[in-house]
Protein chains: 2
Amino acid sequence: MLEWLKEPEINFPEQLQHAGFEHGVCVGQIQAKAGLTQSTVSEYLSILQRAGFIEATRVGQWTYYKRNEGAFEALSKLIQSNL
Amino acid sequence: MLEWLKEPEINFPEQLQHAGFEHGVCVGQIQAKAGLTQSTVSEYLSILQRAGFIEATRVGQWTYYKRNEGAFEALSKLIQSNL
DNA sequence: TTGGTATATCGGGAAAAGTCGATATATTTG
DNA sequence: CAAATATATCGACTTTTCCCGATATACCAA
């Protein structure tokens with residue numbers, strides 16, 4: 001999912017019919033692509049959010065998630081310096 | 001354990017009474033510090049070895065493990081480029 | 001070769017993570 | 001407000017991981 005969210009235009013072209021990608025990709029799109037149930041995907045995304053890797057934006061009845069690139073850089077640096 | 005192995009002299013001073021650190025630290029030393037059973041520590045180390053993060057050297061009845069720094073750099077870069 | 005020490009492997013029980021269906025909450029629309 | 005839609009949360013079951021004791025293997029010393 002994290003890799004998918006690097007290129008929303010390529011991985012979630014269907015969303016274009018409803019919205020743009022300013023705030024990322026909505027749960028339903030990710031779920032369809034993942035092939036897991038709605039509850040599972042929703043839980044995954046909230047875990048990733050709590051871990052800081054993605055950010056959520058609620059717009060109406062949709063929740064959009066997008067990557068927080070800073071978290072990935074920080075992880076890479078943490079591995080470099082601490083591990 | 002991986003962090004401990006960055007500074008064997010500091011984290012495993014007892015080993016000096018028996019051997020140096022050329023090949024790393026032996027399982028018994030790591031086990032004592034970890035506070036887990038011998039079998040658990042042995043299994044951990046062999047997993048880390050198969051994953052490429054540490055290298056094993058058998059000397060007599062002892063097995064010494066030391067870090068493979070290249071693997072950590074590779075992981076850091078993989079996270080930077082792929083994740 | 002026998003016994004002692006260090007490590008590895010095996011089998012199983014406990015804990016954690018993954019996944020689901022059912023249900024709850026939030027939002028929009030009529 | 002009621003129905004429809006999108007997402008979140010809950011409880012239960014399954015799978016995986018963690019960790020142990022017991023045992024096997026390897027090496028050394030007498």
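Because the structure is predicted, anything quoted here is derived from the model rather than measured. First the proteins, then the strands, lettered A, B, ... as listed; each starts at 1.
Rounded to whole Å, the distance from CD on Q61(B) to P on dA30(D) is 12 Å. Atom CZ of R58(A) is separated from atom C1' of dA8(D) by 8 Å (rounded to the nearest Å). Following rounding to the nearest Å, H18(B) (NE2) and dT7(C) (C1') show an atom-to-atom distance of 16 Å. Between W62(B) atom CH2 and dA29(D) atom C1' there is a gap of 11 Å when expressed in whole angstrom units. Nucleotide dT25(C) holds its P atom 15 Å from the CD atom of Q38(A), rounded to whole Å. The distance from atom CD1 of I54(A) to atom C1' of dT7(D) is 13 Å, rounded to the nearest whole Å. Atom-to-atom, CD1 of I47(B) to C1' of dT17(D) comes out at 9 Å; the value is rounded to the nearest Å. Atom CD1 in I30(A) sits roughly 9 Å away from atom P in dT7(D) (whole-Å rounding).
Remark: T63(A) is not in phosphate contact with dT7(D), judged by side-chain N or O atoms under 4.0 Å from OP1 or OP2. Between Y65(A) and dA6(D) there is no side-chain polar atom (N or O) within less than 4.0 angstrom of OP1 or OP2.
For the pair T37(A) and V41(B), both in contact range of DNA chain C, the more 5′-proximal nearest nucleotide belongs to V41(B).
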Derivation and outcome, side chain to side chain contact (heavy atoms under 4.5 Å, CB included), residues L45(B) and T63(B): CA-CA 10 Å; L45(B) 292 171; T63(B) 303; over 6 Å; no
Side chain to side chain contact (heavy atoms under 4.5 Å, CB included) between V25(B) and Y65(B), intermediate numbers included: CA-CA 5 Å; V25(B) 182; Y65(B) 286 97; over 6 Å; no
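Residue L45(A) is classed as having no contact, given no heavy-atom separation below 4.0 Å to the nucleic acid.
On a pure distance criterion of 3.5 Å, no polar donor-acceptor pair joins the side chain of E43(B) and the base of dA8(C). Side-chain atoms of S39(B) and base atoms of dG21(D) include a donor and an acceptor less than 3.5 Å apart.
The backbone N or O of G52(B) sits less than 3.5 Å from a side-chain atom of N68(B), completing a donor-acceptor pair.
Annotation: K77(B), atom NZ; neighbour count of heavy atoms from other residues, nucleotides and ligands within 6.0 Å does not exceed 12.
Of the N and O atoms on the side chains of T37(B) and T40(B), at least one donor lies less than 3.5 Å from an acceptor on the other residue.
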